[in-house]
Participant: 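I have a structure I would like to understand better, so I am pasting it below and will then ask my questions one at a time.
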Amino acid sequence: MQDQFSSGPARSACGGGEYPHLLGPRTSCVLCACALVATGYWLGARWLGSLLLGVPVGLWLIGAGLATLLLWQRRDGGQGPLALLGSPRRAFDLRLRLPRLSVQGAVATIFELAGLPARRFGRVAEKAGDWLTQHGAPSPRLRIGLDLPGPLAATLARLAASETCSGLPVEWLRVSPGHEDERDAVSAGVDAIVRLGASGPDAGEPVILVPEHDDRPAAWHDWSRRPPLNYATVFPPRVDTARITLRGCDPERERDARLLARLAETAALLGRSPARVSLRSRFFGAGPIIDSDRRGGPVERCVLGLVAALRHDWSDGGGARSSACRAAARAAGAWLTCWEGDLSADERLRAIETADAFIAEEPESALRLAAASFAAYADEAGLEAVLRAQRMLRGSEQRGGECTIDPLAFVMSEIEHGVGGPLTLGRVAAGICLLWSTANADSLPYLRDDLMDELRYAGWLIGRDQDHCLLKRVIFEMDRAFGHRPIPRYSAAA
């Protein structure tokens, strides 16, 4: 999964691609229409100069041509009407959708009609957002709306107010009923909304909604659902969510309400990350909340608060069937195995072990536990977790499951560009297990040779013979599990 913190060339307001030239398609369309209208008038079509509602007919035609281009670009993903030449059936489909109007789209259109490349608008918007973040003093306060019946809202607000875990001020307020999707949270001016499902299978079940702005979607749609299996979902760089569906959660019970409040606070906080906050939100003071790599950041406190709630309130085993506990376990385990912050390896391992107890049947959880075990120098426990993940992955493959994206590129990237910390070593070891468990058996000897070469020349493994031997041992265990000929020895010099 790609990181959205990087800034690239801005895209057009209609959803098209980059404009590498000075004149974009809208500017070219306006110039061509003006040339056609002027040529027609010069050739004798005087009716182009007659007034219609006080405006010459020629100007109406120019505007109609520009509007037609906008509609076709919205309909064809920015390719324009010329793309229809290869698809005659689509030319007769008149179901056109009007583009969403936005301030960014309007300003980008003005830039382009003025002859300025669209990427220049992207730079201006980026600099304006940075200036607002530095000088606008964005509020660190979280606002969570409650679209619940009165008694439930009062109980939830009381428990949440007494146990705020992020360290930031959190305001719980009632919002008008009838919110049906995440965008309603934007109009309500809150960072998240807790409501009861109105229809379908989620009717009457608690749902947490987090707003998504244009071109800034959530990295994980719903913590309550397992994402497709691949390396980027086992170790995601971002875990912010758009919604959390909590089936079987009863807010009238105290421990359910406590976990629900912590999930809402964590989801709202992650929704204020720089990758999710729009320029409009920064302008009105709801700027991004940047977590610190040092100990005690707000996101770390929220995630450890989720783990503490699982450990103390659900230690009786009842949470194994709770959707709320499973959602909290997935989010906490994924975040803890990718956050290279100031957290002790033992504490990280204990937290991931707590999360694994609720989703032990998921291979993603076993891989995260293996990574955390290797990072804490618990090599035998890590090997045991790797073999457990391998058995589950091979079983799911026989039942029709598969890895949606080849993990080889991700593993190679970790080896070549990893920071060299203990978590990087653990993720590479878990990635080898994922690679061996989802690859074709005939290709495993070639994969082994490629990995051996990469490990031999990896910069962060130079002088770390024990880590080198550990990764070779993981490869040996994978080969032995699949019945292949083992590698001759473990020595780092091999």
Side-chain angles (χ1 to χ4, degrees), residues 3-5 129-130 132-134 136-145 156-157 159-173 185 189-194 208-213 216 218-220 223 236-242 244 258-278 281-282 284-312 324 327-344 347-348 350-352 354-355 423:
D3 192 356
Q4 298 187 14
F5 283 84
D130 294 340
L132 288 172
T133 301
Q134 296 175 4
S139 172
R141 179 183 300 273
L142 294 175
R143 291 167 54 88
I144 301 177
L156 187 60
L159 289 174
S162 61
E163 298 182 359
T164 299
C165 55
S166 66
L168 301 175
V170 182
E171 181 181 356
W172 299 80
L173 64 157
V190 295
D191 299 306
I193 288 181
V194 182
I208 301 172
L209 305 176
V210 184
E212 291 181 286
H213 303 282
R216 293 178 178 270
W220 194 331
W223 288 346
R238 286 171 43 202
V239 299
D240 51 285
T241 184
I244 310 175
R258 183 180 294 108
L259 184 59
L260 174 59
R262 293 188 175 182
L263 280 170
E265 185 177 353
T266 306
L269 179 59
L270 291 172
R272 290 277 295 275
S273 66
R276 291 281 295 273
V277 177
S278 65
S281 299
R282 298 183 188 216
F284 287 101
I289 298 177
I290 302 176
D291 193 32
S292 174
D293 289 339
R294 294 172 304 196
R295 185 66 185 271
V299 179
E300 178 197 346
R301 296 181 61 175
C302 275
V303 172
L304 293 182
L306 287 177
V307 174
L310 295 176
R311 182 179 296 148
H312 299 299
R330 292 189 187 105
W335 189 85
L336 286 169
T337 49
C338 293
W339 180 67
E340 300 276 357
D342 186 14
L343 185 66
S344 66
E347 186 174 359
R348 189 193 306 268
R350 289 195 299 270
I352 295 179
T354 300
L423 270 180

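This is a predicted model, so every value here is computed, not measured.
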Participant: Give me the atom names and distance for the closest heavy-atom approach of Ala327 to Ile244.
Facilitator: CB-CG2, 4.0 Å

Participant: So, do Cys338 and Pro237 sit near enough that their side-chain heavy atoms are less than 4.5 Å apart?
Facilitator: no

Participant: Identify the heavy atoms of Ala264 and Ala192 that sit nearest to each other, and give their distance.
Facilitator: O-CB, 4.4 Å

Participant: Distance from Ile193 atom CD1 to Leu173 atom CG, nearest 0.5 Å?
Facilitator: 9.0 Å

Participant: Please report the interatomic distance CG(Leu423) to CD(Glu340), rounded to the nearest 0.5 Å.
Facilitator: 4.5 Å

Participant: Once side-chain contact (heavy atoms from CB on, under 4.5 Å) is applied, do any residues pair with Ala332, and if so which ones, sequence neighbours excluded?
Facilitator: Val303, Val307

Participant: Nearest 0.5 angstrom please: Thr241 OG1 to Leu209 CG, how far?
Facilitator: 10.0 Å

Participant: Of all residues at least two apart in sequence or in a different chain, which pass the side chain to side chain donor-acceptor pair (under 3.5 Å) check with Arg311?
Facilitator: Thr354

Participant: Taking all non-hydrogen atoms of both residues into account, name the closest pair between Gly305 and Arg262 and its distance.
Facilitator: O-NH1, 2.7 Å

Participant: Give me the atom names and distance for the closest heavy-atom approach of Trp172 to Ala261.
Facilitator: CH2-O, 3.9 Å

Participant: Identify the two heavy atoms, one from Thr337 and one from Gly333, that lie closest to each other, and give their separation to 0.1 Å.
Facilitator: OG1-O, 2.9 Å

Participant: Looking only at atom types and distance, does a side-chain atom of Arg276 sit under 3.5 Å from a main-chain N or O of Ala219, one as donor and one as acceptor?
Facilitator: no

Participant: Any side-chain heavy atom of Thr266 sitting closer than 4.5 Å to one from Trp223?
Facilitator: yes

Participant: Should Ile208 and Leu260 count as side-chain neighbours, where that means a heavy-atom distance under 4.5 Å?
Facilitator: yes

Participant: Would you say that Asp240 contacts Leu269 through its side chain, given a criterion of any heavy-atom pair below 4.5 Å between the two side chains?
Facilitator: no

Participant: Considering non-hydrogen atoms only, spot the tightest contact between Asp191 and Val210 and give its length.
Facilitator: O-CG1, 3.7 Å

Participant: Within the structure provided, determine whether Leu263 and Leu306 are in side-chain contact (heavy-atom separation under 4.5 Å).
Facilitator: yes

Participant: Give a yes or no on whether the backbone of Ala218 and the side-chain of Glu212 come within a donor-acceptor separation of less than 3.5 Å.
Facilitator: yes

Participant: For Leu336, does its backbone N or O pair with a side-chain atom of Arg348 as donor and acceptor, under 3.5 Å?
Facilitator: yes

